[in-house]
Amino acid sequence: DAKTTQPPSMDCAEGRAANLPCNHSTISGNEYVYWYRQIHSQGPQYIIHGLKNNETNEMASLIITEDRKSSTLILPHATLRDTAVYYCIVRVAPNTGNQFYFGTGTSLTVIP
Amino acid sequence: GAVVSQHPSWVICKSGTSVKIECRSLDFQATTMFWYRQFPKQSLMLMATSNEGSKATYEQGVEKDKFLINHASLTLSTLTVTSAHPEDSSFYICSAKGARGTEAFFGQGTRLTVV
């Protein structure tokens with residue numbers, strides 16, 4: 001079962017930062033936060049994951065609150081191609097075969 | 001990231017027939033594969049998890065005799081939808097993860113239409 005809550009939809013102006021929130025108030029100490037996105041009619045694409053420290057890669061930044069009950073995915077300069085459904089997932093221990101359960105996600109629309 | 005290839009991308013079949021969908025990890029050994037189903041405007045629903053050489057573990061409510069999963073090698077898993085019916089029409093997506101990898105990589109999905 002998904003253990004995350006996300007707003008159903010968000011808009012963002014092209015070129016601006018997109019900040020996508022995720023609530024995971026029941027997260028356990030050994031659970032990581034993962035973010036994936038799904039562009040229409042394609043398979044999900046991995047974006048980033050983290051445990052408690054903030055993480056950054058070429059696609060995005062992940063900010064996790066100190067109590068780990070929520071996080072924010074930041075796309076620093078949104079483009080039209082970033083329009084997609086973004087999923088926040090919590091999952092135990094990355095080096096295992098544990099499942100990825102998807103919640104309802106946030107549909108992000110980047111507006112020209 | 002790693003590449004997972006799913007085949008076919010789309011398939012139309014007659015009601016009562018069986019359909020096989022393949023999922024291959026092209027550049028890594030997938031010790032675990034996941035199969036999902038997605039209906040229009042809904043999220044991905046996990047159907048089953050399979051570890052190489054072992055029987056798949058099915059999620060509650062998923063019929064294991066209808067959705068046959070084989071994961072006989074570290075690079076290939078198959079999902080067979082047996083005796084397909086129109087209500088089985090959906091977008092089926094596989095995902096693969098290596099033993100040391102921290103993330104799962106997804107195939108492009110297979111759109112199944114049963115007529």
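Side chains are part of it too, since the values below use all heavy atoms of this structure and drop only hydrogens, waters and symmetry mates. Chain A is the first sequence line, chain B the second, and so forth, proteins listed ahead of strands; every chain is numbered from 1. Computed from a prediction, not measured in an experiment: that's the story for all the values here.
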* Where on B:Leu46 is there a heavy atom nearer than 4.5 Å to chain A: the side chain, the backbone, both, or neither? -> side chain
* Side chain / backbone / both / neither for B:Gln6 at chain A, heavy atoms under 4.5 Å -> neither
* To do: Would you mind reporting whether A:Phe100 and B:Ser95 have side-chain heavy atoms less than 4.5 Å apart?
  =>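 With C-beta onward as the side chain, the pair stays apart.
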* To do: May I ask you to test the A:Ser41-B:Arg111 pair for a side-chain heavy-atom distance under 4.5 Å?
  => yes
* Asked: Can you list every disulfide bond (SG atoms under 2.5 Å apart) pair that touches residues 78-115 of chain B, not counting sequence neighbours?
  -> B:Cys23-B:Cys94
In terms of hydrophobic clusters joined by side-chain contacts under 4.5 Å, are [X] and [Y] together?
{"X": "B:Ile69", "Y": "B:Met47", "value": "yes"}
{"X": "A:Tyr87", "Y": "A:Ile63", "value": "no"}
{"X": "A:Ile64", "Y": "A:Ile74", "value": "no"}
{"X": "B:Val81", "Y": "B:Ile93", "value": "no"}
{"X": "A:Val85", "Y": "B:Tyr92", "value": "no"}

* To do: Give the intermediate values and the outcome of ring pair (Phe, Tyr, Trp, His ring centres under 6.0 Å) for residues B:Tyr36 and A:Tyr36.
  => CA-CA 15 Å; B:Tyr36 294 83; A:Tyr36 281 80; 9.3 Å; no
Side chain / backbone / both / neither for [X] at chain B, heavy atoms under 4.5 Å:
{"X": "A:Gln45", "value": "neither"}
{"X": "A:Tyr46", "value": "side chain"}
{"X": "A:Ser107", "value": "neither"}

* To do: Enter the distance from A:Gln99:CD to B:Glu59:CD here, rounded to the nearest 0.5 Å.
  => 5.5 Å
* Asked: What distance do A:Ile48 atom CD1 and B:Glu103 atom CD have between them, rounded to the nearest 0.5 Å?
  -> 10.5 Å
* Asked: A:Phe102 and B:Phe34: aromatic ring centres closer than 6.0 Å?
  -> no
* To do: Please check if atom CE in A:Met59 has more than 12 non-hydrogen atoms from other residues, nucleotides or ligands closer than 6.0 Å.
  => yes
* Asked: Heavy-atom count around B:Lys66 NZ within 6.0 Å, excluding the residue itself: above 12?
  ->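 Correct, the count exceeds 12.
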